[in-house]
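Notes follow once the structure below has been shown.
Just so we're on the same page: letters track the sequence lines, and every chain starts at 1.
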Protein chains: 2
Amino acid sequence: MPIESGAFRRPLAQELISRGVRMTRRRRLLVEIIQGAERHPDAVSLWQRARAQDATLNKVTVYRTLGMLKRQGLVDELDLMHLEGEKHFYEARPTRDHIHLACIKCGRIQEFESSLFEKLKGQIERERRFRIEVVRVEAGGYCDRCQE
Amino acid sequence: MPIESGAFRRPLAQELISRGVRMTRRRRLLVEIIQGAERHPDAVSLWQRARAQDATLNKVTVYRTLGMLKRQGLVDELDLMHLEGEKHFYEARPTRDHIHLACIKCGRIQEFESSLFEKLKGQIERERRFRIEVVRVEAGGYCDRCQE
DNA sequence: TTAGCTGCAAAACCTTTGCAGAACG
DNA sequence: CGTTCTGCAAAGGTTTTGCAGCTAA
């Protein structure tokens with residue numbers, strides 16, 4: 001099922017250019033796939049999809065591009081409760097943070113937005129004077145379809 | 001700095017025995033270290049500490065024991081925002097969930113409990129009919145001591 | 001006694017690094 | 001044209017697996 005991704009400030013490629021990052025054919029391809037993806041891809045599946053359009057693209061470039069996007073704060077890295085090994089999953093950073101719900105049984109990933117979550121972040125920043133840069137909330141459990 | 005760990009139902013070794021899990025010398029040693037730890041250990045540092053008391057203990061046993069404890073739901077696995085590579089950190093599951101705050105600059109890990117967090121979990125379970133088994137909240141950012 | 005744990009060695013898996021050549025601006 | 005990116009090959013780090021021997025109950 002498609003994942004409802006939040007609205008973005010603007011396309012990643014455009015954002016990168018405006019930040020003075022060199023825009024190459026490989027990077028353009030990779031960020032387009034990340035933004036158009038219906039499921040959060042891991043590095044290897046991103047590579048596989050990209051290779052369909054550019055057979056010469058190397059896996060290492062995928063890792064390097066993801067590293068750059070993370071450093072730029074333009075993608076978030078997810079673990080999705082390590083339901084499928086130790087790989088990471090990636091999504092373009094949404095305008096509003098959301099929670100990922102990973103079903104232990106069927107593997108479905110749902111997203112959940114909540115004003116309580118926003119309040120919780122505010123509470124952390126206020127009470128601990130902790131300036132949040134990235135926040136990750138993941139829950140593992142049984143989705144509505146997978147309860148006896 | 002010591003991490004304030006929540007109160008536990010009872011010692012892990014005792015809990016395991018009551019669940020019919022075979023209690024061996026290695027397991028007893030490992031769960032004692034996990035429970036007494038002031039910082040959440042990763043697999044290798046757990047192994048190193050344990051080896052000080054039992055030089056024959058193999059790293060593989062640490063991974064297998066951690067796997068068993070995770071399956072039993074007695075330890076939680078943390079990523080701590082991957083501040084130090086891709087390893088995982090472990091803590092005995094507390095009676096009350098808490099949030100981990102990881103400082104990007106100094107590496108300090110703080111814990112944070114909040115009734116808002118409890119409410120948020122309730123909201124997820126109600127609105128999505130998602131039965132939460134494990135939940136992980138991690139924030140990366142700048143702690144109070146590390147802001148300009 | 002016997003099911004289950006453990007050490008050892010090896011493999012699997014994901015990710016990073018060094019370097020020479022290619023490409024962007 | 002210089003800086004930065006990229007492919008290739010190789011290494012690095014973490015975690016898992018197979019199997020024979022050991023151990024708790």
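Using a 4.0 Å heavy-atom criterion, one finds that B:Arg64 contacts the bases of the nucleic acid, with or without backbone contacts as well.
Distance A:Arg27 CZ to C:dC24 P: 11 Å, rounded to the nearest Å. Atom CZ of A:Phe89 is separated from atom P of C:dC14 by 10 Å (rounded to the nearest Å). Remark: P of C:dA23 and CZ of A:Arg28 are 16 Å apart, rounded to the nearest angstrom. Atom CG of A:Leu57 and atom P of D:dT6 are 8 Å apart (whole Å). In this structure, the CZ atom of A:Arg25 is 16 Å from the P atom of D:dC5, given to the nearest Å. Distance, A:Gln72 CD to D:dC5 P: 10 Å, rounded to whole Å. To the nearest angstrom, P of C:dA12 lies 17 Å from NZ of A:Lys87. When the P atom of C:dC14 is taken as reference, atom NE2 of A:His82 falls 13 Å away, rounded to whole Å.
A heavy-atom distance below 4.5 Å is found between the side chains of B:Leu66 and B:Leu46.
In this structure A:Glu133 satisfies the salt bridge (charged side-chain N to carboxylate O under 4.0 Å, His left out) test together with A:Arg131, sequence neighbours excluded.
For A:Thr24, whose side chain is taken as the heavy atoms from C-beta onward, the closest listed nucleotide among C:dT17, D:dT6, C:dT6 is D:dT6.
Of the residues listed (A:Asp76, A:Leu78, A:Val75), the one engaging A:His40 in a side chain to side chain contact (heavy atoms under 4.5 Å, CB included) is A:Leu78, and it is the only one.
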Subject >> Chi angles and distances behind the side-chain contact (heavy atoms from CB on, under 4.5 Å) call for A:His100, A:Asp79 >> reply: CA-CA 10 Å; A:His100 289 93; A:Asp79 293 287; over 6 Å; no
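Two residues, A:Lys59 and B:Tyr63, neighbour DNA chain D, and the one matched to the more 5' nucleotide by heavy-atom proximity is A:Lys59. Sequence order on DNA chain C of the closest nucleotides to B:Asp54 and B:Glu86 puts B:Asp54 first from the 5' end. Residue B:Val60 is the one, among B:Ile17 and B:Val60, whose nearest nucleotide of DNA chain D lies closer to the 5' end (criterion: closest heavy atom).
Contact of A:Arg22 with D:dC5 (side chain to base): no donor-acceptor pair of N or O atoms is detected under 3.5 Å.
Using a 4.0 Å cut-off, no side-chain N or O of B:Arg26 falls inside it from OP1 or OP2 of C:dC5. In terms of phosphate contacts, A:Asn58 brings no side-chain nitrogen or oxygen within less than 4.0 Å of OP1 or OP2 of D:dT6. Between A:His88 and C:dT15, a side-chain N or O to OP1/OP2 separation shorter than 4.0 Å is present.
A cation-pi contact, defined as under 6.0 Å to the ring centre and within 45° of the axis, is absent between B:Arg49 and B:Trp47.
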